[in-house]
Amino acid sequence: MKEIRNPKAKGRRKSETRRPNHPAPAKTSFSAFDLRPSFGLRISALGLLLLCAFAVCSFAEEAAPAAGRFRFPPPEFESGYKLPDTTTPPARALVMQYVDVAVFLGALGLATWLTLKKRSRRGIVALSVFSLLYFGFYREGCICAIGSIQNVALALFNSGYTVPLTALIFCLAPIVFALVIGRAFCAAVCPHGAIQDLVLVKPVNIPMWLEHALGVLPFVFLGAGLLFAATGSAFLICRYDPFAPMFRMTGSFLMLSIGAVFLIVGMFIGRPFCRFFCPYGALLRVASVVAKWRVRTTPDYCTQCRLCEQSCPFGALNEPSIPATPVVRSDERRRLVRLFLLTPLLVVGIGGVGSLLAGPAAKLHSTVALAEHWLHHQKTPPEYPAMDPDLLRLKRADKDPKQLVSEAAAMRAVFIRNGWLLGGWIGLVIGAKLISLSLRRTRTDYEPDRGACVGCARCFEFCPNELVRRGLMPASAPAPPPAAKT
Amino acid sequence: MDTNPQPNPPKPPVSRRQFMRDGARATMLVGVGGLVGLLAGRHASNGFVWQIDPAKCVRCGLCATSCVLEQSAVKCVHTHAICGYCRLCTAYFVPEPNALSTAAENQLCPTGAIKRSFIEDPYYEYTIDEKLCIGCAKCVEGCNRFGNGSLYLQVRHDRCLNCNECSIAKVCAGDAFRRVPVDHPYMLKSTTSH
Amino acid sequence: MNGQEPERDVSRRGFLKRGARTAGALAAVGAGLDIFEQLAVAANEKNANPFPYDTGRLSKTDPKLVAYEETARFKCPRGEAHRIACGADDQLLIAAGNYISILSRDGALQSEIALGGPAQCVAVAKDGTIYAGARNQVEVFDAKGQRKASWEVIEKRPWITGLAVAEKDVFAADSGNRVVWRYDRDGKVAGRIGAKDKERNIPGFVVPSPYLDVALHRDGLIRVNNPGSHLVEAYTFDGDRELAWGRYSAAIDGFCGCCNPIALDVLPDGRIVTCEKGVPRVKVYANDGAFECVVAGAESFPENVKANEGGDPLRGALDATVNSRGRVCILDPVSGTVRVMARKAEAKGS
Amino acid sequence: MSTAASSHFVVPASKADPRALRTWRTASVIAGAFCVVVCGAMVVGHFRLGVDNPLKSPQVKALKDKLLAAPEDEPLKRQIRALDLQLRQRYFHQLSLNDAGAWLALAGALMFLLAAKREMSLRKTPPMPMPKQHDAARTARELAVARGAVAAVGALVAAGFAIIGVSITTSVPARQAEVEKIFKAGAAGAVPVVDAATPAEMLANWPSFRGADGSGFTKTDGPPTWDTKTGAGILWKSPVAAQGFNSPIVWRNRVFLSGGDILKREVLCFDAANGKLLWQRAIENVPGAPAKVPEVAEQCGYAAPTMATDGRRVYVMFASGELAALTLDGQPVWSKHFGALKNAYGHATSLAVWQGKVLVQLDQGDSPQSGSKMYAFDGATGKIAWEQRRPAPASWASPIVVEAAGKPQIITISVPWAISYAANDGTELWRAREFDGEITPSPIVAGGFVLLISPSNKMAAVKPDGAGDVSKTHEKWAAEDSIPDVTSPVSNGELVFIANTGGMLTCYDVKDGKKVWEHDLNMEVQSSPGIAGNKLYIFGTKGAAVVLEAGRAFKQLARTEMDDKFFASPAFAGGKLFMRGLKHLYCIGEKGAAAAK
């Protein structure tokens, strides 16, 4: 099966120089190990040829300088040998991007309908499986709405970058939906949410304080991700996406293991990534707080049976509020005023600490990293021949070090500003969280939290009134709501 | 539901909270609208894919190890039109070959992905078996150092996942990766370009 | 029913504990392994090229073999230099960019002749006539730089890369057509030397890249490099192949890489100076091809070793010319310099 | 499940079929174990490949090195071949294992999930929650703990930032000033090679408006006299088809000038020896050019700025906003467009060059805040080498580049500041405030002073060795008589001559600004005078040409009326004088002198 690279094995001996070799037997034996079957993508020879010619022509047009430099021609062959063309397997067709967008918008609409109108958990599960297969395993988690916010941020701050249409729509459509009807995207369109929702086997409640404390992290991640993207340094959100490597079924060991840990934890704790890390979830959470329509567990009145509260694996069901005594109320008011006063201090304070981060954070930017590298090696001139990536990089820096360093310095100044922004943002989030934990809300029913509810439709199946509506339970069965007695 | 003994409580007039919510929603919608307006000029209906500019590639070898794919999406390609068809191909043979034969000790490619076949005296053709190529650029270095540079690296789009952030581009020593339009996804060398 | 409850409870708890333990263990193992891997990688190959093309051995020359040393170095006035030639009074003529730059023997720019296209090579006759090779023609200028004539090559893919002038003849090495053209001084083609011809026992030039060069030897023959065959060949003016020597070897006495030597010139005593690319080195061979000494090894051209960053390997190859005092003037287009090399003893004397 | 929750619920016992339950549980355990085994195998494989990659095998390398030492060793070769085969097989085998492993793990995980979910659903019985005991105090306590936790996370994040920020430092400076310091310290890398003529060559030619240093002065003696009628002394004259007020520049044997109107803007090159038009090249297809050519006021026209050359390329600018570089043979190198320029009379400031950089003083608008800039473009590429904002409205004087106070300076005048920039990087060296009106006379350097003219008002001599605002400290003298409003002064280093529009020629001593003499020439002068050796040349708008001795007493050497109108300034090169009239380009000199050259 495998051929030893040995000339003698083929009976070829000396005087290679005089006597032509027989064409070496094709060494295709390893094709048995070919990893990514090409799926028979070769269309037709003609198509490929045309494409080749087209690519060559167009690049010749673009790359050839005005002077018209010609390359040295190959020898003329007497044997009638024809030069083979360079194959160019095409990239994914442009049309497919519109298909993606259409499927995406369709799935969003369907998810909306399923949560708000049809109120079907079964439908949501089916759509989740579809989204997981399409956006997850087929599209390999890229492009996803979560990452697309970085493309938009980069386009906003870098006029040289054009944001692909797909990224723009993937980024904005779920936000618009969230503003109108809540997190339909999280419910069943996002492959990241879908995979976590589907692996949930045995939900465990986590204490409220932990839920709220960890709930700060997505906002930190969001702020950091956007600022690094806007400066063109790195797409952190993509780099530390735990599920994309799983969808691709290959990737760095670290990210694959982190993804596995998320899934294993997700068997017990509902959607750990969505709730405690996802930056896009943070954005949608804010948007859905002000949504026009919302998911309601009961289609009618609340029997206060608490079945829904128990059914929600994400701790997203709020219980009715307890009327407070005047003493308590005035205490709460005072606390609220204090927190309102504290928030600007938090913004400035954490902002200041954030600006300290500018130095290390700037290192993620390629220009700064190169300048740093150059400054570090300033005393030692590059060795020749430069072979190592580091030395080759240094050679690139050596072309115009002054410009490089001054660009890097400018970038570092940007990062100082960004450090303030990031810290300020975190301060703001902490302040807002504290305030929201001190606000008194008047609620008479058990109802899903506007921000936290991802619309998974689990609670519907538990609500007695919903069962009545669907005719699964006799109408007389649910008792009128028991008076809440203290 | 008609049998519900308790009538629904009458809807309260728009509360302060509701008003704030409507206001915030309107603001955010306007914000999103503004964002669309701002980016309308900056979006590209055309998609983009990653590609290596062969003029900037410095053959640092990181393409082979930095791709998210286990076997890199970057492969060596060959523009035969600028190949010298050398008998002693420095992309095929190690710098100091023992003999000009196809024996393992003479071959440069770690995976044996280059095929050498005789055409006519004194010319030999070299082709890349992409299934075996790992994109290590050893041959590219050999060809550029001594020869015409007809071998060079390209991102192969039948393999590339087109990640939002290319992990090779992040480490590329020559800063050679760039986004190119989907309908011109390759930067091939040709007889007229350089 | 009642009896089952504790068992169920235990199993559930057991399940949770198992799960949590597995997750924790996996996470720990994963993180540990990753750190271990990174450490291992960091220790073994500190950001090294994982697949280096190793020519380290070739980039060092045995200092005992180096018989020349640098006596002067000056800047080449223009970029994209190709060939250098030596004129009367040891003037240096450099074909670079679209120009022939004429430098005095100490490197001061004296004048420049503009060509229509990129200048590939240059040669000077004893009477001062300057012959400049553009890609598909030989342009003739008088000593003052006035254009006298332009000889177009009629064959279909000309690429003139080397020129030599004899008393009555001009030889133009045409890499594109793999021949050396013999012109008379009026531009009439008088011969086509070196084309593959079985009857005359001429194997033909193998020219993978445009570096065919020609030089006039005092024995009355021309010397032409045959880079793809790693040979230096001698032809009569009539095109008879008289002599060929050279062999492939990465070692110092041979010609390295796919196609070397790429340039040659003749010392006053008849020995031959050759230039190589890839491992940039300039060496001297006896008339019969015996290796004599090194003029400059790879370590003298640090920038040239990995030069082709612009993606065009057809730039940057060395060329050398010999002046009347036997000094070898090496043109390194990558660093844009001309180095004047003298034999070590002479250099000390001067 | 937390104990708190279970205390609220009464969970009835499971009614599931124990056999089905057991089946699913077994299935899930098996599937889970399978997953763990597969993943474990993949992890092991991954690390084997990562740490001990067969393609990077040190054994093969060692063996190959051995072969280099012993090239004839056949067993060694066989050994290499066998090892090579084995390693490649191992590599590809591992890859295919990983691929298969991923699918197996996926399938196993799927099985496990289905079984585990099924097991759970079989166990699940409808919960029967009890009505919740509302406990306001407990809720308040929980909220308080939550607030504490959020605050703690905030504190942790801030602490993390602080630790990272303090412990990881970067050597990249945060301010441009520090960048300067790094590069001033001399630790910087190689000085970039300048592809440009040497200063000596520049001085020998006439590369820009009023010569290399913008002084209008050359040491080589000029032609003594010429006769318009007989043509004696006029070596050649060539018609200039293109209109423009710019002055000719000279490089070796070529004379360049530009001209243009709204239809076409072009560069003309003449043979300095015989006046033959060598080439003529229109500046077209300029990137960034507006769709319509910007209109320019007639006062200055399209081609008032004089060209410049660094001996490698010629540079041209037009009032309509184009800046272009051509080779000396007229091949376009690069071009760019500044857009329509805000200038009431039309942009007229000439270009300057220094070490391969083109210097463009682009003053425009009505106020000092209207976006005026000083640019230096890399001559070879057209890339901006540096740029500086200028607090200046539109002006018409040209910048000069001189070596003064030990460093190359670019000296510019506008309202209200005269500003000097370091030629290498554009940092401001000093500025002086005293200028008002429509600044048109350009500065010159003479006798260690920069002579700066405020039109029709005063001429000030400023020492160019200050820093910051030097208005009060470095002005040594000022003269106020017969100050021109258009033409620039000229000096031989000892005396400075100014000619105002009315034709009053005044001579001052450079040392102290004392008036030496004055004389009314009876002609309208808009062309700046020039000095070659000891001769002073003045050309009038009506065609008068006067040659004087550049000395302490007025002495007219020649005067001739030419059939032309002169607005440009004379250029001197190789003992010849080149003068552009509205109709012709003249070369004036002695035939013998030219031949001797």
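Just so we're on the same page: letters track the sequence lines, and every chain starts at 1. Below, each value reflects all heavy atoms present in this structure, side chains not excepted, and no hydrogens, waters or symmetry copies.
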Does the pair A:Arg450 and B:Arg21 meet the rule for a side-chain contact (heavy atoms from CB on, under 4.5 Å), with working shown? CA-CA 11 Å; A:Arg450 278 172 170 274; B:Arg21 195 166 277 152; 3.1 Å; yes

Between A:Pro389 and the options B:Val171, B:Val58, B:Leu62, the side chain to side chain contact (heavy atoms under 4.5 Å, CB included) test singles out B:Leu62

Please rank [options] by heavy-atom pairs under 4.5 Å with chain A and give me the top one.
options	answer
B:Ser167, B:Cys83, B:Gly174, B:Pro122	B:Gly174
B:Val32, B:Val182, B:Ile119	B:Ile119
B:His78, B:Met20, B:Glu125, B:Gln154	B:Glu125

Is a side-chain N or O of B:Arg25 found less than 3.5 angstrom from the main chain of A:Val180, in a donor-acceptor match?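 Not confirmed, B:Arg25 side chain does not pair with A:Val180 backbone.
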
With a 4.5 Å limit on heavy-atom distance, are the side chains of [X] and [Y] in contact?
X	Y	result
B:Tyr85	A:Leu83	yes
A:Pro245	B:Val68	no
A:Arg396	B:Lys56	no
B:Leu35	A:Leu156	yes
B:Tyr186	A:Pro90	no
A:Thr87	B:Glu130	yes
A:Gln150	B:Glu165	no

When only pairs under 4.5 Å are counted, which of [options] shares the most heavy-atom pairs with chain B?
options	value
A:Ala91, A:Ala155, A:Pro84	A:Pro84
A:Ala167, A:Ala369, A:Ala291	A:Ala291
A:Thr444, A:Ile175, A:Val152, A:Leu370	A:Val152
A:Val290, A:Ile143, A:Asn151, A:Val286	A:Val290

With side-chain hydrogen bond (donor to acceptor under 3.5 Å, both in side chains) as the rule and sequence neighbours excluded, what pairs involving residues 162-176 of chain A come up?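 The answer is none; no pair qualifies.
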
Per-residue contact mode, [X] against chain A (heavy atom under 4.5 angstrom):
X	value
B:Asn162	backbone
B:Leu38	side chain
B:Cys163	both
B:Cys67	neither

Could you state the interatomic distance from [atom1] ([X]) to [atom2] ([Y]), rounded to the nearest 0.5 Å?
X	Y	atom1	atom2	answer
A:Thr250	B:Gln71	OG1	CD	10.5 Å
B:Leu161	A:Arg139	CG	CZ	9.5 Å
B:Asp22	A:Lys292	CG	NZ	5.5 Å

Is the gap between the ring centers of A:Tyr81 and B:Tyr123 under 6.0 Å? no

How close do B:Ala173 and A:Leu392 get, counting heavy atoms only, and between which atoms?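 Of all heavy-atom pairs spanning B:Ala173 and A:Leu392, the closest is CB-CB, 4.1 Å.
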
Nearest heavy-atom neighbours spanning B:Glu120 and A:Glu76: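 Looking at all heavy atoms of both residues, the shortest contact is OE2-O, 4.0 Å.
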
Chi angles and distances behind the side-chain contact (heavy atoms from CB on, under 4.5 Å) call for A:Ile237, B:Asn164: CA-CA 10 Å; A:Ile237 298 172; B:Asn164 207 6; over 6 Å; no

Residue [X] versus chain B: region with a heavy atom under 4.5 Å:
X	value
A:Ser288	neither
A:Leu179	both
A:Ser366	neither

More than 12 non-hydrogen atoms from neighbouring residues, nucleotides or ligands closer than 6.0 Å to CZ on A:Phe157, yes or no? no

